[in-house]
Amino acid sequence: MPIFGIFDNNNFYASCEKLFAPRLKDRPVVVLSNNDGCVVARSAEAKALGIPMGAPWFKLQDLARQHEIVAFSSNYELYADLSDRVVQVLRLFTPNLEVYSIDESFLSLDGFSHLDLADYGRQIRERVLQWVGLPGCVGIGPTKTMAKLANHCAKNGFAGNDGVCNLLALSAVDLDDLFGRIKVGEVWGVGRKIDARLQEMGISSVRDLRDADPAMIRSRFSVVLERTVRELNGVSCLSLKEVAPDKQQIMCSRSFGEPVYELDDLLDAVATYMSRAAEKLRQQQGVAAALMVFLQTNPFKPAEPQYHPSMTLPLPDPTSDTRVLVQWGLRVVKRLYRRGYAYKKAGVMLSGIQPEGMSRGSLFDSQSSTDAKAGNLMALMDGINQKWGRGAIRLATEQQHHPWQMRRDRMSPRYTTSWDELPGVLAK
DNA sequence: CTATAACTCTCAA
DNA sequence: CTAACGTTGAGAGTTATAG
């Protein structure tokens, strides 16, 4: 029987910001989504003030002034770097690990059953705290779903207050009692909709779901929730994925800093997003067989005329060439654009992704040498941008300053990845 | 009618 | 000063379409 652990950082983005602002140690801190729109992370103090996840920041202004809440724009470079450091530490504790998200990793603890697993969990969180400076919790169980649940228990004091919960150490009676006290909505894979439907059926606790008939759950819901039921019964259905598979689709979309009316601005924005998407595509040595572009007005202003067009365009020849993708993307924008709407968001998606070189012809194709040159050019651009920072070199259509660029008024410095932004360095 | 494609829904971080 | 509400990806299930 496998043993899964999961390490999950507490309030990850907020903890990253506090790490470099010690004076904020006991202050309420929130981190905002792109465009400084919604609250996506809250420190313990901010949670205590009742700020819900996803709350629009502009609605919290009174509360913020009242309690001197400190808000940061999302600083993804900083968070990504700290996340990498956390993973480095975790790798010291197990050779088999799945980086599940920026702040969560599953650990295989197979073959560690001779250890006191809860104690091992405490060592893990202490080491991460000491070496990286970020707090986290550890959950342990016989399945991924149970490990996630254990993590929830560890975070919320269901099982002591040492930040670790090992469900494998509980007797059947204690597990029963614990599952009876946890709401079914806390289970991994049970979101708002499914929660409501389960409630209607009288399934309100984790124990209720665990004891439900899998066949019934499958017929009334899906094979996915059936697997969840089995996992809650200790039958492992979800395995550790140590290598992330290549993406099947690649998206890039943004809300605009302010409403956009002009076609030219939309063309600019979509060219920029398409360039980003193409970079990601090349990072996995892929080519795309289709692209999709969408535009959106602001759905939060229902009184204004709404327009949410999108169009998918199959590409005659799968490619990762920024110039080709941007050209097609811009053609689509021109087709979709209607004068008179206040556009608030746009995005692109690349799909039909295959490994490059597999596409068509290649060896005897008369185009192959021009394709190779295009590939060299793209690689050169990617290299320069990687060395000198995103946007150092770009196509002429991507200009510099734009009304559509997102707001990021409250950014902290990139303390760990940019010398220029270290406080005091400039002054010297 | 079947196989596939396209689209919708749900979830997660 | 005002106005101001995220992004990315997966997978399953359903519906539309092609042959």
Side-chain angles (χ1 to χ4, degrees), chain A residues 6 8-14 30-42 51-62 64 71 73-74 76 79-80 83 98-106 144-145 148 151-152 185-198 217-228 237-238 241 244-259 273 276-277 280-281 284 289-290 292 294 296-302 304 310-314 342 344-353 403 406-410:
Chain A
I6 185 165
D8 189 334
N9 279 110
N10 301 342
N11 322 322
F12 183 60
Y13 293 176
V30 300
V31 178
L32 306 177
S33 64
N34 275 347
N35 224 20
D36 294 344
C38 300
V39 173
V40 294
R42 307 154 292 160
I51 298 173
M53 186 66 163
W57 176 236
F58 74 90
K59 287 187 176 176
L60 298 176
Q61 292 314 294
D62 287 345
S73 303
S74 293
Y76 292 112
Y79 311 149
S83 174
E98 172 185 341
V99 179
Y100 176 69
S101 74
I102 195 161
D103 70 334
E104 279 178 79
S105 291
F106 284 104
K144 280 184 161 181
T145 304
K148 289 276 280 185
N151 196 269
H152 173 260
E186 302 296 342
V187 173
W188 190 34
V190 177
R192 235 189 17 247
K193 292 275 170 62
I194 292 176
D195 187 16
R197 286 171 60 196
L198 287 170
I217 292 292
R218 179 174 196 149
S219 69
R220 302 271 287 267
F221 293 88
S222 68
V223 59
V224 180
L225 196 63
E226 181 197 6
R227 274 199 292 260
T228 300
C237 305
L238 305 171
K241 293 181 184 59
D246 285 345
K247 309 275 184 239
Q248 303 170 20
Q249 51 184 27
I250 290 171
M251 272 196 76
C252 182
S253 73
R254 291 273 176 295
S255 298
F256 303 140
E258 49 190 89
Y273 304 161
R276 276 294 297 139
K280 292 190 210 173
L281 180 60
Q284 66 176 49
M292 189 270 277
F294 70 86
Q296 260 189 37
T297 51
N298 188 345
F300 296 103
K301 291 186 171 177
E304 293 187 359
S310 78
M311 185 182 288
T312 300
L313 185 75
K344 191 64 174 104
K345 182 176 180 177
V348 306
M349 183 193 295
L350 301 176
S351 57
I353 295 177
M406 68 178 177
R407 267 191 291 272
R408 288 178 103 176
D409 298 336
R410 326 176 74 95

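From a predicted model like this one, the values you see are computed outputs, not experimental measurements.
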(request) Could you tell me which nucleotide pairs with B/dT10 by Watson-Crick or G-U wobble geometry, both distances under 3.5 Å, or answer none if nothing does? (result)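 With both distances under 3.5 Å, B/dT10 matches C/dA10.
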(request) For C/dC5, give its Watson-Crick or G-U wobble partner with both distances under 3.5 Å, or none. (result) none
Base, sugar-phosphate, or nothing: which does [X] touch, judged by heavy atoms less than 4.0 Å apart?
{"X": "A/Asn298", "result": "sugar-phosphate"}
{"X": "A/Gln248", "result": "sugar-phosphate"}
{"X": "A/Lys59", "result": "base"}

(request) Find which nucleotide of DNA chain C each of A/Gln249 and A/Pro56 is nearest to by heavy atoms, and output the residue with the more 5' nucleotide. (result) A/Pro56
(message) Both A/Lys344 and A/Pro245 contact DNA chain C. Which one's nearest nucleotide lies toward the 5' end?
(response) A/Lys344
(request) Starting from the C-alpha separation in whole Å, work towards a yes-or-no answer on side-chain contact (heavy atoms from CB on, under 4.5 Å) for A/Ile353 and A/Gln248. (result) CA-CA 6 Å; A/Ile353 295 177; A/Gln248 303 170 20; 5.9 Å; no
(request) Starting at the 5' end of nucleotides 8-13 of chain B, put B wherever the base has a protein heavy atom under 4.0 Å, S where only the sugar-phosphate does, and a dash everywhere else. (result) --SSSS
(message) I need a per-nucleotide contact map over nucleotides 13-19 of chain C, read 5' to 3'. Cutoff is protein heavy atoms under 4.0 Å; write B for the base, S for backbone only, - otherwise.
(response) S------
Whole Å only: how far is the [atom1] atom of [X] from the [atom2] atom of [N]?
{"X": "A/Phe294", "N": "C/dG9", "atom1": "CZ", "atom2": "C1'", "value": "13 Å"}
{"X": "A/Gln284", "N": "C/dG9", "atom1": "CD", "atom2": "P", "value": "9 Å"}
{"X": "A/Leu32", "N": "C/dG6", "atom1": "CG", "atom2": "P", "value": "11 Å"}
{"X": "A/Met311", "N": "B/dA6", "atom1": "CE", "atom2": "C1'", "value": "15 Å"}
{"X": "A/Phe256", "N": "C/dT7", "atom1": "CZ", "atom2": "P", "value": "10 Å"}
{"X": "A/Met251", "N": "C/dA10", "atom1": "CE", "atom2": "P", "value": "11 Å"}
{"X": "A/Met406", "N": "C/dT7", "atom1": "CE", "atom2": "P", "value": "8 Å"}
{"X": "A/Phe58", "N": "C/dC1", "atom1": "CZ", "atom2": "P", "value": "19 Å"}

(message) Say we look at B/dA12 and C/dG6: how far apart would their C1' atoms be, to the nearest angstrom?
(response) 14 Å
(message) Let's go through A/Met349 and A/Met251 carefully: what are the C-alpha distance in whole Å and the side-chain angles of both, what is the deciding distance for side-chain contact (heavy atoms from CB on, under 4.5 Å) to 0.1 Å, and is it a yes or a no?
(response) CA-CA 4 Å; A/Met349 183 193 295; A/Met251 272 196 76; 3.7 Å; yes
(message) Closest approach to the side chain of A/Lys247, judged atom by atom: which nucleotide of C/dC5, B/dC7, C/dA10 is it?
(response) C/dA10
(request) Would you indicate which nucleotide in C/dC5, C/dT7, B/dC7 comes nearest to any side-chain atom of A/Cys38? (result) C/dC5
(request) I would like to know whether A/Glu304 and A/Thr297 meet side-chain contact (heavy atoms from CB on, under 4.5 Å); could you show each step before the answer? (result) CA-CA 9 Å; A/Glu304 293 187 359; A/Thr297 51; over 6 Å; no
(request) May I ask you to decide if A/Ile102's main-chain N or O and A/Ser83's side chain share a donor-acceptor pair within less than 3.5 Å? (result) yes
(message) Just verifying a value: how many Å separate A/Gln284 CD and A/Lys247 NZ, rounded to the nearest 0.5 Å?
(response) 7.5 Å
(message) To check you understand the geometry: which heavy-atom pair defines the closest contact between A/Ile250 and A/Ala277, and what is its length?
(response)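 Result for this residue pair: CG2-O, 3.8 Å.
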(request) Looking only at non-hydrogen atoms, find the nearest pair between A/Arg407 and A/Asn35 and report the distance. (result)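 That would be N-OD1, 2.7 Å.
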(message) With a 6.0 Å cut-off (strictly less than), is the heavy-atom count around CZ of A/Arg408, excluding the residue itself, greater than 12?
(response)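 Check passes, neighbour count above 12.
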(request) Look at the side-chain N and O atoms of A/Arg407 and state whether any lies under 4.0 Å from the OP1 or OP2 oxygen of C/dA3. (result)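 No, outside the criterion.
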(message) Which label fits A/Tyr13 and A/Tyr76: parallel for a plane angle under 30°, tilted from 30 to 60°, or perpendicular past 60°?
(response)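 Rings of A/Tyr13 and A/Tyr76: perpendicular, over 60°.
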(message) Does the plane of the ring in A/Phe256 sit parallel, tilted or perpendicular to the ring in A/Tyr273? Use 30° and 60° as the thresholds.
(response)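 Correct class here is parallel.
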